[in-house]
Amino acid sequence: MKERATKTSSEWEQWPGRTPEPQPRKRLRALFMPTDAADEVANLLAEHGKELEERSAQIREAVVALEQREERARELHFRVEQVLRDGALELDLRQAELSTRASELDAREAALEQEREKVESRRRELGAVELRAAAAQRREEELERRAAELAELARVLDERGTSPGRSATKPVREDEYVALVSTADRYRLVIREGPPPEPGATVELDDMPHRVVRLTASPLPGDDRSCALLEAEPDSPR
């Protein structure tokens with residue numbers, strides 16, 4: 001195949017109309033011969049080399065600046081992380097402090113609520129006491145009025161008992177007595193069996209205790225029985 005390729009090449013060289021190429025040595029010599037184009041190429045290469053060096057220097061400077069920026073960025077990142085850690089720690093401390101204060105406030109509010117309930121309970125108790133005091137005052141005034149009425153009634157009965165129409169020497173019956181009972185709006189007479197009770201004694205009447213205020217003569221005409229003025233005890237319902 002090598003012989004065929006050589007033969008083909010020789011035939012191509014002898015082809016009509018083809019200009020024979022110079023010898024290889026001549027072609028190589030022509031390459032190393034100085035020419036104006038070679039100078040231009042050299043100058044161009046020199047310019048490009050200088051430009052490349054400048055670009056390389058700029059790139060190196062940019063790399064150094066980039067490294068410095070990266071270093072500053074790392075330092076800044078470290079500082080930011082430190083600030084964030086310190087801030088997180090401070091926030092945790094503040095949160096714990098706020099939680100403690102919130103618990104204290106809750107305890108104080110609970111204590112205040114208890115005190116408020118106590119004050120309200122005391123106010124209700126005081127109101128009830130005031131109501132009872134007012135009722136007792138009214139009851140006392142009513143008792144004073146009834147006592148005055150009973151005293152006047154006893155005086156009238158005493159006058160009747162010592163009147164000329166009634167004998168002072170007539171014996172008083174001991175088997176019965178007349179009870180003059182003071183009620184809310186009137187007086188009523190009740191005939192009771194047995195001897196008349198002593199003043200200050202307690203008598204059960206209508207299932208309620210009554211105190212004997214005084215003994216006097218019967219208000220009934222010609223009656224020889226004694227009359228006991230009775231008043232319901234203060235704590236008993238009337």
Side-chain angles (χ1 to χ4, degrees), residues 98-168 170-238:
L98 289 176
S99 300
T100 303
R101 291 186 178 180
S103 300
E104 292 177 355
L105 287 177
D106 293 338
R108 290 181 181 178
E109 288 180 357
L112 287 176
E113 184 64 25
Q114 292 179 357
E115 292 296 329
R116 190 179 297 109
E117 291 178 356
K118 290 181 180 178
V119 170
E120 185 65 25
S121 177
R122 290 178 181 177
R123 184 182 293 111
R124 290 193 296 267
E125 292 177 356
L126 181 60
V129 169
E130 290 178 351
L131 291 175
R132 288 195 297 269
Q137 181 66 25
R138 291 192 299 269
R139 176 64 177 168
E140 185 177 357
E141 293 175 356
E142 179 68 17
L143 290 176
E144 290 178 356
R145 185 181 64 83
R146 291 297 179 87
E149 292 178 355
L150 288 175
E152 180 64 21
L153 183 58
R155 185 185 63 80
V156 173
L157 292 176
D158 290 341
E159 292 178 353
R160 289 184 180 180
T162 58
S163 62
R166 181 170 181 173
S167 174
K170 186 176 181 179
V172 180
R173 293 176 55 181
E174 295 293 333
D175 58 339
E176 289 182 348
Y177 68 96
V178 179
L180 181 62
V181 185
S182 173
T183 60
D185 54 353
R186 61 188 178 87
Y187 293 94
R188 64 190 181 98
L189 291 175
V190 179
I191 307 300
R192 303 275 295 182
E193 296 181 354
E198 295 294 330
T202 301
V203 178
E204 289 290 334
L205 183 64
D206 299 331
D207 297 330
M208 290 187 300
H210 289 71
R211 182 174 59 87
V212 179
V213 178
R214 188 174 180 182
L215 284 178
T216 184
S218 174
L220 301 176
D223 192 0
D224 56 355
R225 292 173 295 187
S226 297
C227 178
L229 303 181
L230 302 183
E231 183 181 26
E233 292 291 343
D235 295 336
S236 62
R238 296 179 63 89

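As the structure is a computational prediction, the values presented were derived from the model and not from experiment.
Not counting sequence neighbours, Arg124 has no partner by the side-chain hydrogen bond (donor to acceptor under 3.5 Å, both in side chains) test. Remark: Asp206 pairs with Arg188 by the side-chain hydrogen bond (donor to acceptor under 3.5 Å, both in side chains) rule, at least two apart or across chains. Residues forming a side-chain hydrogen bond (donor to acceptor under 3.5 Å, both in side chains) with Asp207 (at least two apart in sequence, or on another chain): none. Listed by chain and number, the residues in a salt bridge (charged side-chain N to carboxylate O under 4.0 Å, His left out) with Asp175 are Arg173 (sequence neighbours excluded). Take Arg108 and apply the salt bridge (charged side-chain N to carboxylate O under 4.0 Å, His left out) test, not counting sequence neighbours, and it matches no residue. Partners of Arg132 by side-chain contact (heavy atoms from CB on, under 4.5 Å), not counting sequence neighbours, listed by chain and number: Ala128, Val129. Glu120 pairs by the side-chain hydrogen bond (donor to acceptor under 3.5 Å, both in side chains) definition with Arg123, not counting sequence neighbours. Applying the salt bridge (charged side-chain N to carboxylate O under 4.0 Å, His left out) test to Glu113 and every residue at least two apart in sequence or in another chain returns Arg116.
The salt bridge (charged side-chain N to carboxylate O under 4.0 Å, His left out) pairs that include a residue from residues 190-200 number zero, where partners must be two or more places apart or lie in different chains.
One finds the OG1 atom of Thr216 at 10.0 Å from the CG atom of Leu180 (value rounded to the nearest 0.5 Å). With rounding to the nearest 0.5 angstrom, the NE2 atom of His210 is 12.5 Å from the CG atom of Leu229. In this structure, the separation between CG on Leu215 and OG on Ser226 is 6.0 Å, given to the nearest 0.5 Å. Rounded to the nearest 0.5 angstrom, Asp223 CG and Ile191 CD1 are separated by 7.0 Å.
Using a 4.5 Å heavy-atom cutoff, the side chains of Val213 and Leu230 are not in contact. With contacts defined as side-chain heavy-atom distances shorter than 4.5 Å, the pair Val119/Arg122 does not qualify. Under the 4.5 Å side-chain criterion, counting only non-hydrogen atoms from C-beta, Glu174 is in contact with Pro196.
Using modelled atom types, one side-chain atom of Ser103 and one backbone atom of Ser99 make a donor-acceptor pair closer than 3.5 Å.
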